[in-house]
Amino acid sequence: MRFQTSILSTLFLALTSMVPMLAQADETVTIGDNKFISYGLKGFGYVGASAVDKYGDTISFGSSIALQKNSLSVASDGTYTFTAYGLPDRGYNVDGTNNYIPRLQVFDISFKPADSDSSDSGNINWSYKDTILLTDFNGNNMTGLDSNDIVKMNGFKMPAATFHGDGWGNDLDSSSTTTAISLDAEGLALIEGDIANGFWISDEYGPGLYKFNSDGKLVDYIKAPDAILPHVDGKVTYSSGNPPSWDNKDWEVNDQDSGRDRNKGYEGMDLSSDGKTLYALLQSATDQEGGEHGYTDGNVRLMKYDVSSSPATAVAEYVLELPTYNDPEKDADKNPRVAAQSEMRYIGNDLVLVLPRDDGRGRNADNTESLFRHVDIWDLSTADNILGNYDAEGDKIASKKGNLKSGINVAKHYNFIDVNDSDELAKFNLHNGGDDNPRLLNQKWEGMTLIPVDGTDANDEYYLLVVSDNDFVTTKGKQNFGKLSFDAGADIDSQSLIFHVRIPGLS
Ligand SMILES: *[C@@H]1O[C@H](CO)[C@@H](O)[C@H](O)[C@H]1NC(C)=O
Ligand SMILES: *[C@@H]1O[C@H](CO)[C@@H](O)[C@H](O)[C@H]1NC(C)=O
Ligand SMILES: CC(=O)N[C@H]1CO[C@H](CO)[C@@H](O)[C@@H]1O
């Protein structure tokens, strides 16, 4: 295997040096004996903002994306077709959270790699196929509503919402209540790349790790260590501080003492390719470790679990230091800013591909220019395994100001892809900053999946599909199974990009 890889990389080097223009755009990262290469942007496409699923609800899906491996085929004209599972978070929640039923959105995608394309539709075509609703151990619907309760099921205690009426503000005087698991889904991995084996989802209320069967029914759960669990007044309290728009009184909650910062849970999660090891990464630092500010929250915990049997066992915990960037609009003492992360993929050999970025910049934001959006690599083999050392309630790996405890070695970081590369974007008539139009990049890039070039891992080459979360922003919004309409004041398509990369040793 190693022998083959080195022959291939020699070949690549020979090839790229013969084509100087190509070589210029390529970014190469060397880790150990392996070369990781980014060959640039090869695709753009989108799902229109007004699209609805088979339940009549607005489609959003960019919190995570996962390839159904055995669906991939490559036609003789070079067109790739495959099925992918997209993950929405908790529904349209600009005016408070809703009883949106968490789900997977299934798409058939066709893509023809190109060095440029300025057509209106782009060169990635998304075709909606199906929806899988997520239900609990008993087959009852989960909910996107903020958590005001804890439910006990199958021996697990999970974040839940208890409400009167239908969860959309009707029948609030009803004496009966419903309790549903509160899920704000952010990470998705299919077991061995096949929906038939079931899948794992990570969430940011818990933050929790949920295993589902192929029908979307919950079958297992992993609770975070006490240091990561959100605590208010000494008690685990899963609220994200986003009560439903129709009722505030049951949701009032004090400031958090410790644990994952609100709305900053397990944004990244993935499985090893054999489905036996699960990796979960917080978006940014916990509150006791600097999580309260965007300039102190750079030390994040990554949990590693053996999920080959149930209950899962924690086997390691590592610290990643997130990259930083300068925001000239913020005061000097609030710089540099931490680029919190939105997605993680395990790429073999103790390496993870992570998407750190700024926030609130891009389409439909006050400022259209993003200052930092990367897809970078971290090497976990350089990090200390701190499992069990700082895992009790309130335990700290860093100070409240975000200074890491001395003596903790972190995972080594390598810059890889700059999503905001303006020359690359221009090839697809795209831009970062400037006019707010459908070719301005969205704010929230949150999903990644790797599509093997020529349908095989043998070449170590992939198309990296990166998707954005449009927050359900459409003027023609539909929710509660199509029964309610909403107008979010703008139409933001769910944009997607494809980069060509070399990632050795993934299979
Ligand atoms: C995408 O759809 C357009 C319009 O229907 C079509 O012309 C194009 O060939 C399709 N591209 C791919 C890669 O399927
Ligand atoms: C889940 O929600 C849908 C839509 O409201 C409803 O039709 C279905 O009966 C619910 N399922 C259960 C088990 O309550
Ligand atoms: C490579 C590249 O063009 N990166 C750009 C990403 O976006 C920021 C903000 O506009 C620029 O400063 C970088 O040059």
Side-chain angles (χ1 to χ4, degrees), residues 24-27 38 40-48 53-57 73-82 91 98-103 107-114 117 119-127 131-145 163 165-168 170 176 178-181 215-218 323 325-329 337 339 356-358 361-362 367-375 415-427 430-434 440-441 445 451 463 465 478-484 496 498-499:
Q24 237 168 22
D26 296 350
E27 290 292 338
S38 163
L41 190 60
K42 301 294 165 187
F44 168 74
Y46 59 91
V47 175
D53 65 20
K54 71 177 186 184
Y55 295 110
D57 288 343
S73 73
V74 188
S76 53
D77 74 346
T79 301
Y80 285 66
T81 58
F82 55 91
N98 281 309
N99 191 14
Y100 175 77
I101 302 176
R103 63 195 75 187
F107 297 93
D108 284 331
I109 298 160
S110 64
F111 153 67
K112 191 163 184 193
D117 186 318
S119 66
D120 283 345
S121 63
N123 62 330
I124 312 171
N125 289 355
W126 291 78
S127 166
T131 299
I132 302 172
L133 297 180
L134 303 180
T135 56
D136 68 19
F137 288 103
N138 304 318
N140 291 314
N141 293 324
M142 292 188 166
T143 183
L145 281 169
F163 51 91
D166 66 354
W168 294 92
N170 298 308
S176 68
T178 301
T179 298
I181 292 178
D215 297 326
K217 187 174 172 179
L218 186 62
Y325 62 95
N326 227 60
D327 183 345
E329 285 171 22
R337 314 290 301 173
R357 60 167 177 86
D358 58 7
R361 287 171 167 268
N367 197 325
T368 59
E369 185 182 5
S370 158
L371 301 171
F372 192 98
R373 277 184 199 125
H374 275 203
V375 176
N415 284 311
F416 191 40
I417 300 172
D418 183 347
V419 175
N420 293 339
D421 186 326
S422 46
D423 294 341
E424 288 299 299
L425 294 174
K427 294 176 186 173
L430 296 164
H431 56 276
N432 169 35
L440 169 69
L441 289 192
W445 293 85
I451 322 287
Y463 287 114
L465 172 62
K478 291 283 179 193
Q479 53 189 349
N480 194 11
F481 282 51
K483 285 179 287 207
L484 292 174
S496 60
I498 287 185
F499 297 88

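Ligands are counted one by one from 1 in listed order, and the atoms in each one are counted from 1 as well. All values reported here derive from a predicted model rather than from experimental measurement.
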| request: In sequence, state the C-alpha distance, the side-chain angles, and the governing distance for Val419 and His374, and then conclude on side chain to side chain contact (heavy atoms under 4.5 Å, CB included). | output: CA-CA 6 Å; Val419 175; His374 275 203; over 6 Å; no

| said: Ring-plane angle category for Tyr325 and Phe372, please: parallel below 30°, perpendicular beyond 60°, tilted otherwise. | reply: parallel

| task | Report yes if some N/O of Thr79 lies less than 3.5 Å from some N/O of ligand 1; otherwise report no. | result | no

| request: Could you label the plane-to-plane angle of the Phe107 and Trp126 rings as parallel, tilted or perpendicular, counting under 30° as parallel and over 60° as perpendicular? | output: perpendicular

As a test of reading the model: which N/O atoms of the protein lie under 3.5 Å from N/O atoms of ligand 2, and at what distance?
from: ligand 2; atom 1: 2 (O); to: Asn141; atom 2: ND2; distance (Å): 2.2
from: ligand 2; atom 1: 11 (N); to: Asn141; atom 2: ND2; distance (Å): 3.1

| Can you tell if the side chain of Tyr463 reaches within under 4.5 Å of the side chain of Ile124, non-hydrogen atoms only? | no

| request: Let me see the working for Phe111 and Thr79 under side chain to side chain contact (heavy atoms under 4.5 Å, CB included), right down to the final yes or no. | output: CA-CA 6 Å; Phe111 153 67; Thr79 301; over 6 Å; no

| Lys112 neighbourhood, listing ligand 1 atoms whose heavy-atom distance to it stays under 4.0 Å | 13 (C)

| message | Is a donor from one side chain sitting under 3.5 angstrom from an acceptor on the other, for Thr143 and Asn99? | response | yes

| query | Any side-chain heavy atom of Asp53 within less than 4.5 Å of one from Arg103? | reply | yes

| CG (Asp120) with more than 12 external heavy atoms under 6.0 Å | no

| task | For ligand 3, would you mind listing the residues that have at least one heavy atom less than 4.0 Å away, ordered by chain and number? | result | Glu369, Ser370, Asp418, Asn420, Asp421, Ser422, Asn432

| said: Does this structure show an ion pair linking Arg361 with Asp327, if we count only N-O contacts that are shorter than 4.0 Å? | reply: yes

| said: Ignoring hydrogens, what is the shortest heavy-atom contact between Pro113 and Gly78? Give both atom names and the distance. | reply: CD-O, 3.4 Å

